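Here the structure is a predicted model, which is why all the values come from computation and not from measurement. Computed over heavy atoms, backbone and side chain alike; hydrogens, waters and symmetry mates excluded.
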Amino acid sequence: QVQLVESGGGLVQAGGSLRLSCAASGVIFRLNTMGWYRQAPGKQRELVAAITSGGSANYVDSVKGRFTISRDNAKNTVYLQMNSLKPEDTAVYYCNADTRDPWGTRRGYWGQGTQVTVSS
């Protein structure tokens with residue numbers, strides 16, 4: 001079982017910055033792609049950014065140039081640096097991790113979510 005604990009959300013004014021962190025713990029054999037999703041009220045959950053174990057990252061178009069995803073494999077932690085925040089970035093942000101056990105079974109895990117609110 002793997003647990004994901006997020007931190008770093010909060011209230012910020014438009015144009016400001018926040019840094020989210022997500023630490024994975026528990027029985028981890030292999031941690032593959034990790035990512036951040038968000039869900040705004042009345043909207044579907046969307047992928048914001050993801051990063052492979054090798055460091056390859058991809059982003060949704062709306063955050064390109066403003067958000068940066070990174071990871072520390074030694075700490076099993078993924079980060080999301082969010083700059084130039086806009087009110088439309090307001091959402092609950094969820095961490096996701098794709099894992100593999102020694103027998104090759106893949107499982108996905110979710111964090112509990114952290115609220116990001118950007119005021120105009």
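Heavy atoms only, all atoms of each residue included: Y94 and G111 are closest at CD2-O, 3.7 Å. When all heavy atoms of A14 and S120 are compared, the pair lying nearest together is CB-CA, 4.4 Å. A pairwise comparison of heavy atoms in D89 and S84 identifies OD2-O, 4.5 Å as the closest pair. The minimum heavy-atom distance between G9 and V116, with the atom names listed, is CA-CG2, 4.2 Å. Looking at every heavy atom in both residues, L4 comes nearest to C95 through CD1-O, 3.8 Å.
Linking Ile, Leu, Val, Met, Phe, Trp and Tyr whenever their side-chain heavy atoms come within less than 4.5 Å puts W36 and L31 in one cluster. Tracing side-chain contacts under 4.5 Å through hydrophobic residues (I, L, V, M, F, W, Y), one reaches I51 starting from L18; they form part of the same cluster. Linking Ile, Leu, Val, Met, Phe, Trp and Tyr residues whenever their side-chain heavy atoms come within less than 4.5 Å leaves M34 and V92 in two separate clusters.
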**Item:** Evaluation steps, side chain to side chain contact (heavy atoms under 4.5 Å, CB included), between T90 and Q115
**Value:** CA-CA 8 Å; T90 295; Q115 177 70 46; 4.0 Å; yes

**Asked** Yes or no on side chain to side chain contact (heavy atoms under 4.5 Å, CB included) for Y79 and D72, after CA distance, side-chain angles and deciding distance?
**Response** CA-CA 8 Å; Y79 307 95; D72 184 333; 4.2 Å; yes

**Prompt:** Run the side chain to side chain contact (heavy atoms under 4.5 Å, CB included) check on M82 and R66 step by step: do they pass?
**Reply:** CA-CA 6 Å; M82 305 185 293; R66 300 188 298 122; over 6 Å; no

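Looking only at distances, a side-chain donor or acceptor of N73 sits under 3.5 Å from a matching main-chain atom of S53. In this structure, the side chain of R30 does not engage the main chain of R106 through any donor-acceptor pair within 3.5 Å. Side chain of Y59 to backbone of I69: a donor-acceptor contact under 3.5 angstrom is found. Between the T99 side chain and the R107 main chain, a donor and an acceptor come within less than 3.5 Å of each other. The main-chain N or O of G26 is never found under 3.5 Å from a side-chain atom of Q1 such that the two would form a donor-acceptor pair. A donor-acceptor pair under 3.5 Å links the side-chain atoms of E6 to the main chain of G113, judged by distance alone.
Under the 4.5 Å side-chain criterion, counting only non-hydrogen atoms from C-beta, D101 is not in contact with V27. By the 4.5 Å heavy-atom criterion applied to side chains, N96 and R45 are not counted as neighbours.
One distance of note links CG of N76 with CD1 of I28; it measures 4.0 Å at 0.5 Å rounding. Between atom CD of residue Q81 and atom OG of residue S21 there is a gap of 9.5 Å, rounded to the nearest 0.5 Å. Interatomic distance, S62 OG to K86 NZ, rounded to the nearest 0.5 Å: 8.0 Å. Between atom OG1 of residue T52 and atom CG of residue D98 there is a gap of 11.0 Å, rounded to the nearest 0.5 Å.
Below 30°, between 30° and 60°, or above 60°: for F67 and Y93 the angle between ring planes is between 30° and 60°, a tilted geometry.
Applying the 6.0 Å contact sphere to CZ of R100 captures more than 12 heavy atoms from other residues, nucleotides or ligands.
Side-chain N/O atoms of N83 and S17 include a donor and acceptor closer than 3.5 Å.
Evaluated for a side-chain contact (heavy atoms from CB on, under 4.5 Å) with L20, the options L80, V48, V78 yield exactly one hit, L80.
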